[in-house]
S.K.: 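Once you've had a glance at the structure underneath, I'll fire off some questions.
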There are 2 protein chains.
Amino acid sequence: MRIEELKTPAFLIDLPKLKANVQMMKARAQKNNVNLRPHVKTHKTAEIAKMQTAPEAPGITVSTLAEARFYQKSGFKDISYAFPITANKLSEAAELSASLNVFNILLDQPQTLSAVEEYGREHGIKFKVFLKVDCGYHRAGVDPSKPASVQLARQLAASDYIDFRGILTHAGHSYHCSNPAEIVEVARQERDVMAQFAEQLQNGGIACDTVSVGSTPTAMHAPDWQGVTEIRPGNYVFFDKFQADIGSCRPEQVAATVLTTVAAHYPAHNQMLIDAGALALSKDLGADHLGDEIVFGAVLNHPRLRLFSICQEHGLITSNDPIAFEKHPVGSLLQIIPNHSCLTAALFPKYHVVEEDQVVDEWTPMRGW
Amino acid sequence: MRIEELKTPAFLIDLPKLKANVQMMKARAQKNNVNLRPHVKTHKTAEIAKMQTAPEAPGITVSTLAEARFYQKSGFKDISYAFPITANKLSEAAELSASLNVFNILLDQPQTLSAVEEYGREHGIKFKVFLKVDCGYHRAGVDPSKPASVQLARQLAASDYIDFRGILTHAGHSYHCSNPAEIVEVARQERDVMAQFAEQLQNGGIACDTVSVGSTPTAMHAPDWQGVTEIRPGNYVFFDKFQADIGSCRPEQVAATVLTTVAAHYPAHNQMLIDAGALALSKDLGADHLGDEIVFGAVLNHPRLRLFSICQEHGLITSNDPIAFEKHPVGSLLQIIPNHSCLTAALFPKYHVVEEDQVVDEWTPMRGW
């Protein structure tokens, strides 16, 4: 089937670009001697996760327990669930622990440690647990400069009901950067905070096998990973306008677009209507800290067109110049580069895999919680 | 099952509130002598659409052709597809026309009229078509003050391949209002523009059976619908923070919330982490034109808590006061009132229907295009 025969809106994955992105990150991890445990929340498919992993590096990272169940059923055996566990999720986590070779959970609260220990004691289970560390993003994790954080690590390591796996962070503040030089600084901070905290723990007699860091921007620009053992980037399989805007990737590396139909011309308002709206793109504002005019995606090959407004199924394109409507006839197709491919991909029940103008495959992601 | 036994995040529908909203709009339509053709894109379930319709008013409005197919299979026989049709969607539209008693499409482009006529001529089909009118929102539709718009209506009415059904608009600019008085003004404009255009067409010998208007805010506040024959509100089944903020509804009418677990406390940043992020809420900013601080939803029963930041699965709550963490233990539940219930509902593979603290039903919405 050719791309132009698809129903719109459709989520397109450029297979050669996807493969190049996957290989690029494998090569970066190998060269820097760190384990790559990709975050699969970006795509939630078995197909891409298989491409991202290898017999010597079989581990993946997930954002929900439903993802963990999906990947367990898809044959994956080594999974980290990278959201702080809570008591109401422990029975699900226990089932996953029983059915996988490795199922890592994480926590950063003393109350949660108590809940995990209590569950473990009652059910005869030893959970594999990471301590979540805040390396400067301030979204989640313990402050490594605080004695209470060392104390929590010590309790984890000493618990009879816990197999303490190490420390884990996500440098999400790399998304606040404006250019590669700034990303390098965040990557250094992520590395240094984690390496120093791991050293502090080890000097205090707390074994800390794994030192895990994340984020696609820092994974792209880290000068090295001295003291780090594992990286967990996710977005790099597709990249998106956000990553290109902050210099995390080059625009031509973006592997995901949304195919859409031009539905109407409104010359009086210098506008065109497309059939990709908030349900096909998400309302993510992208790198809005850069101060550019807000758009809800970029129009591939037409950088002067601005997707300035989206409703549920409607998208409106304008331009600072008069739109050359004759180049975009009613019924013709456009491709939108999403602001944030993780959120955009999550809106589609299936993905169309393309090479040049041909649809070569169709992949079904998992959904829900 | 009780609400607290649900996995989080979960989409909860308060059944008594839903029923009250459904009855309220039916009563408004009946009292004002207009046909209610609800827009079902807000929920995309058969269950709620059945509640919204009646033997004497069986029609619904959909936003995608996939919705139309889903509702056709669910036994609905009278459907309007309220997005401008394009040539690449005509074969799907033809199949729907053949399998339904009524399948209305709409257009506002002369090129699309030509495409519809050509398809009709080739396949021996007579499509039922509305002319989409811009009543002031400037998203889509013809300008009723322009002679070309009357000319397009005349061509529709005269075509051998088209059954011209009338005119249709959506006063989406009601969402830019700040209070009920402003909404009343938009409702008057919507009514007057459409009634006058219909009269103009009829005076010109163009029969215009249906005069259809939309939007929940205008449906809630229109003083009357003189000259209008049909209303197509959708959001009113659930309402949301946006509708409450602009005065379209009262806050206690909102029937949809997202159940979430408090996953962590960060007193140093006066923050709490919840497991409802952008994939559970959408990144809709709500009524951001009102100038209030941006939040991604309201915390039910805790108006001082502010959900100020969301990532894919993470939500961060703060407050202008010190958070009373002891009232929200780690592992406890909160309910988030979504900014925009249509976009939030669309993220969930199933809805949990609740009465007080009991889950009484589970509904499965349709997804995709």
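Both backbone and side-chain heavy atoms feed into the values below; hydrogens, waters and symmetry mates do not. Each chain gets a letter, A, B and so on, in the order its sequence line appears, and its residues count up from 1.
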S.K.: For the OG1 atom of B:Thr86 and the CD1 atom of A:Ile274, what is their distance to the nearest 0.5 Å?
M.R.: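 Taking OG1 in B:Thr86 and CD1 in A:Ile274, the distance rounds to 12.0 Å.
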
S.K.: Heavy-atom distances under 4.5 Å only: say whether A:Lys89 touches chain B with side chain, backbone, both or neither.
M.R.: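 For A:Lys89, side-chain heavy atoms alone lie under 4.5 Å from chain B.
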
S.K.: Chain A heavy atoms under 4.5 Å from B:Ser63: which part of the residue, side chain, backbone, both or neither?
M.R.: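 Both the backbone and the side chain of B:Ser63 come within 4.5 Å of chain A.
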
S.K.: Considering only heavy atoms, which portion of B:Glu92 lies under 4.5 Å from any heavy atom of chain A: side chain, backbone, both, or neither?
M.R.: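 The answer is the side chain of B:Glu92.
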
S.K.: Taking all non-hydrogen atoms of both residues into account, name the closest pair between B:Lys44 and A:Leu279 and its distance.
M.R.: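 Where B:Lys44 meets A:Leu279 most closely, the heavy atoms are NZ-CD1, 3.8 Å.
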
S.K.: Counting only heavy atoms closer than 4.5 Å, note whether A:Leu65 contacts chain B via side chain, backbone, both or neither.
M.R.: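 No part of it gets close to chain B.
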
S.K.: Do you know which of B:Ser309, B:Ala264, B:Gly368 has the most heavy-atom pairs under 4.5 Å to chain A?
M.R.: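 Among the listed options, the one with the most contacts to chain A is B:Ala264.
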
S.K.: With only heavy atoms counted, which part of B:Leu107 is less than 4.5 Å from chain A, the side chain, the backbone, both or neither?
M.R.: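 It is neither, since no heavy atom gets under 4.5 Å.
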
S.K.: Give the member of B:Ala263, B:Ala280, B:Ala10 that has the highest number of heavy-atom pairs under 4.5 Å with chain A.
M.R.: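 Greatest number of close heavy-atom pairs with chain A: B:Ala263.
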
S.K.: If you compare all heavy atoms of B:Leu316 against all heavy atoms of A:Arg139, which two are closest, and at what distance to 0.1 Å?
M.R.: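 For B:Leu316 and A:Arg139, the tightest heavy-atom pair comes out as CD2-O, 3.4 Å.
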
S.K.: Looking only at the side chains, is there a donor atom on one of A:Tyr266 and B:Asp108 sitting less than 3.5 Å from an acceptor on the other?
M.R.: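 Judged by distance alone, the side chains do pair up.
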
S.K.: How close do B:Ala278 and A:Leu343 get, counting heavy atoms only, and between which atoms?
M.R.: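 Closest heavy-atom pair between B:Ala278 and A:Leu343: CB-CD1, 3.8 Å.
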
S.K.: Heavy-atom cut-off 4.5 Å, strictly under: side chain, backbone, both or neither for A:Glu313 against chain B?
M.R.: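 Contact with chain B involves both backbone and side-chain atoms of A:Glu313.
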
S.K.: Ignoring hydrogens, what is the shortest heavy-atom contact between B:Gln271 and A:His138? Give both atom names and the distance.
M.R.: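 So the two residues come closest at OE1-O, 3.3 Å.
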
S.K.: Most heavy-atom pairs under 4.5 angstrom with chain A, which of B:Lys132, B:His265, B:Glu4?
M.R.: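 Counting heavy-atom pairs under 4.5 Å, the top option is B:His265.
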
S.K.: Taking side chain as everything from C-beta outward and backbone as N, CA, C, O, which of these in B:Asp275 sits under 4.5 Å from a heavy atom of chain A? Side chain, backbone, both or neither.
M.R.: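 Looking at B:Asp275, backbone and side chain both touch chain A.
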
S.K.: Using non-hydrogen atoms and a 4.5 Å limit, figure out which bit of A:Val262 sits close to chain B: side chain, backbone, both or neither.
M.R.: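 A:Val262 touches chain B through backbone heavy atoms alone.
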
S.K.: Is A:Gln109 close to chain B through its backbone or its side chain, or both, or neither, when contacts mean heavy atoms under 4.5 Å?
M.R.: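 When you check distances to chain B, only side chain atoms of A:Gln109 fall under 4.5 Å.
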
S.K.: Contact part of B:His269 toward chain A, heavy-atom cut-off under 4.5 Å: side chain, backbone, both or neither?
M.R.: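 Interface part for B:His269: side chain.
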
S.K.: To the nearest 0.5 angstrom, please state how far the CZ atom of A:Phe83 sits from the OG1 atom of B:Thr261.
M.R.: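 Nearest 0.5 Å value for the CZ-OG1 distance: 8.0 Å.
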
S.K.: Of B:His340, B:His39, B:Lys41, which meets side-chain hydrogen bond (donor to acceptor under 3.5 Å, both in side chains) against A:Gln312?
M.R.: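 Single side-chain hydrogen bond (donor to acceptor under 3.5 Å, both in side chains) partner of A:Gln312 among B:His340, B:His39, B:Lys41: B:Lys41.
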
S.K.: Do you know which of B:His314, B:Gln111, B:Arg367, B:Lys283 has the most heavy-atom pairs under 4.5 Å to chain A?
M.R.: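 Max contact count across the listed options: B:His314.
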
S.K.: With a 4.5 angstrom heavy-atom cut-off, which part of B:Pro9 approaches chain A: side chain, backbone, both or neither?
M.R.: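 Contact with chain A involves both backbone and side-chain atoms of B:Pro9.
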
S.K.: Any side-chain heavy-atom pair from B:Cys311 and A:Tyr137 closer than 4.5 angstrom?
M.R.: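 When only atoms from C-beta onward are counted, A:Tyr137 and B:Cys311 do touch, with a gap below 4.5 Å.
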
S.K.: Looking only at heavy atoms, what is the nearest atom pair of B:Leu273 and A:Pro84, with distance?
M.R.: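 So the two residues come closest at CD2-CG, 3.6 Å.
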
